Amino acid sequence: MYRVSDVMTKQVVYLSAETTLDEAARVMKEADIGDVVVTDGSTLAGLLTDRDIVVRAVAECSDPTSTSIGSIITREVVMIEQHATAGEAVALMRERNIRRILVCDNERKLVGIVSLGDLAMQLDPSSALADISEGAPNN
């Protein structure tokens, strides 16, 4: 039985809410990831995904050089404990209709991110989602 800690991405990239969209996109491209954790000082402010940039900024014709990521992030973050099962993570994603969950330790310290693609590659490597996710940036 896989635990969330077995499939999660341990490399978490943090950016300040004041970071501009173009800089965030550049960081995502260079790190080959599809999401970053956004902070406001020492506080977790939310999660920014590549999809957020497209749907909430590009589609709205926001200026990527002056729009802050804090203005488009998903503020309601969902967390799961690292020792939860992969099945529990899938159920939580289904229940909340989300593709990524922040992973915490038993002291609620952030230790990773688990994506639907991460889970698909572990739980059903022959699935179409796993095939797609394997070649895609960190989902």
Side-chain angles (χ1 to χ4, degrees):
M1 174 184 330
Y2 287 106
R3 299 278 173 202
V4 171
S5 58
D6 298 327
V7 299
M8 72 182 186
T9 299
K10 292 175 179 74
Q11 176 199 5
V12 178
V13 175
Y14 296 88
L15 291 177
S16 165
E18 290 84 37
T19 304
T20 57
L21 293 174
D22 63 332
E23 179 61 23
R26 197 169 15 265
V27 167
M28 287 181 183
K29 178 182 177 188
E30 289 170 2
D32 193 27
I33 55 176
D35 51 64
V36 294
V37 173
V38 180
T39 59
D40 186 4
S42 61
T43 306
L44 180 102
L47 184 68
L48 176 73
T49 67
D50 46 8
R51 187 173 189 278
D52 292 332
I53 293 173
V54 172
V55 173
R56 295 182 183 161
V58 174
E60 298 294 325
C61 299
S62 299
D63 181 353
T65 63
S66 63
T67 304
S68 71
I69 61 176
S71 67
I72 67 161
I73 59 172
T74 300
R75 292 192 179 275
E76 181 188 333
V77 296
V78 178
M79 296 186 93
I80 194 166
E81 210 273 333
Q82 66 184 343
H83 298 299
T85 66
E88 289 170 323
V90 170
L92 183 57
M93 286 179 180
R94 186 174 287 135
E95 175 187 313
R96 297 290 187 93
N97 195 28
I98 55 176
R99 297 180 180 112
R100 294 171 175 86
I101 303 174
L102 298 181
V103 181
C104 63
D105 63 15
N106 57 1
E107 296 173 2
R108 305 244 338 137
K109 179 181 175 228
L110 189 62
V111 294
I113 299 176
V114 66
S115 72
L116 186 58
D118 295 332
L119 293 164
M121 288 191 299
Q122 283 296 329
L123 300 177
D124 188 2
S126 63
S127 73
L129 181 57
D131 287 345
I132 293 166
S133 296
E134 190 171 36
N138 189 6
N139 296 307

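Keep in mind that this is a model prediction, so the values were computed, not measured.
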Are Val114 and Val7 packed together at the side-chain level, in the sense that at least one heavy-atom pair is separated by less than 4.5 angstrom?
yes
Where Ala17 and Ser68 come nearest, the two heavy atoms and their spacing
O-CB, 3.4 Å
Nearest 0.5 angstrom please: His83 NE2 to Asn106 CG, how far?
6.5 Å
Compare every heavy atom of Gly34 with every heavy atom of Arg100, then report the nearest pair and how far apart it is.
NH2-O, 3.4 Å
Distance, nearest 0.5 Å, that separates CZ of Arg56 from CZ of Arg51:
8.5 Å
Starting at CG of Leu102, measure out to CG of Leu47 and round the result to the nearest 0.5 Å.
5.5 Å
Distance from Ile53 atom CD1 to Ile69 atom CD1, nearest 0.5 Å?
8.0 Å
Non-hydrogen atoms of Ile72 and Ala57 that approach each other most closely:
CD1-CB, 4.1 Å
In the structure I gave you, are the side-chain heavy atoms of Leu21 and Val58 within less than 4.5 Å of one another anywhere?
no
Quick one: are Asp52 and Ile73 in side-chain contact, heavy atoms under 4.5 Å?
no
Do the side chain of Thr39 and the main chain of Ser42 share a donor and acceptor less than 3.5 angstrom apart?
no
At what distance, to the nearest 0.5 angstrom, does CD1 of Ile98 lie from OG1 of Thr74?
9.5 Å
Using a cut-off of 6.0 Å, state whether more than 12 heavy atoms not belonging to Arg26 lie near its atom CZ.
yes
Taking side chain as C-beta onward, heavy atoms only, is Met28 less than 4.5 Å from Val36?
yes
Less than 4.5 Å apart, any side-chain heavy atom of Glu18 and any of Asp40?
yes
Hey, what do you get for CZ (Arg108) to CG (Leu44), rounding to the nearest 0.5 Å?
10.0 Å
Is there a side-chain contact (heavy atoms from CB on, under 4.5 Å) between Thr65 and Asp22 once you walk through the steps?
CA-CA 6 Å; Thr65 63; Asp22 63 332; 3.6 Å; yes
Under 3.5 Å donor-acceptor pairs involving side-chain atoms of residues 86-96, not counting sequence neighbours:
from	atom 1	to	atom 2	distance (Å)
Glu88	OE1	Thr85	N	2.7
Glu88	OE1	Thr85	OG1	3.4

Where Val111 and Val12 come nearest, the two heavy atoms and their spacing
C-CG2, 4.4 Å
Would you kindly say whether Ser62 and Glu60 are connected by a side-chain donor-acceptor distance under 3.5 Å?
no
Please report the shortest heavy-atom distance between Val78 and Ile101, naming the atom on each side.
O-CG2, 3.3 Å
Where Ala59 and Val55 come nearest, the two heavy atoms and their spacing
CB-O, 3.6 Å
Do Leu48 and Leu15 have side chains that approach each other closer than 4.5 Å (heavy atoms only, starting at C-beta)?
no
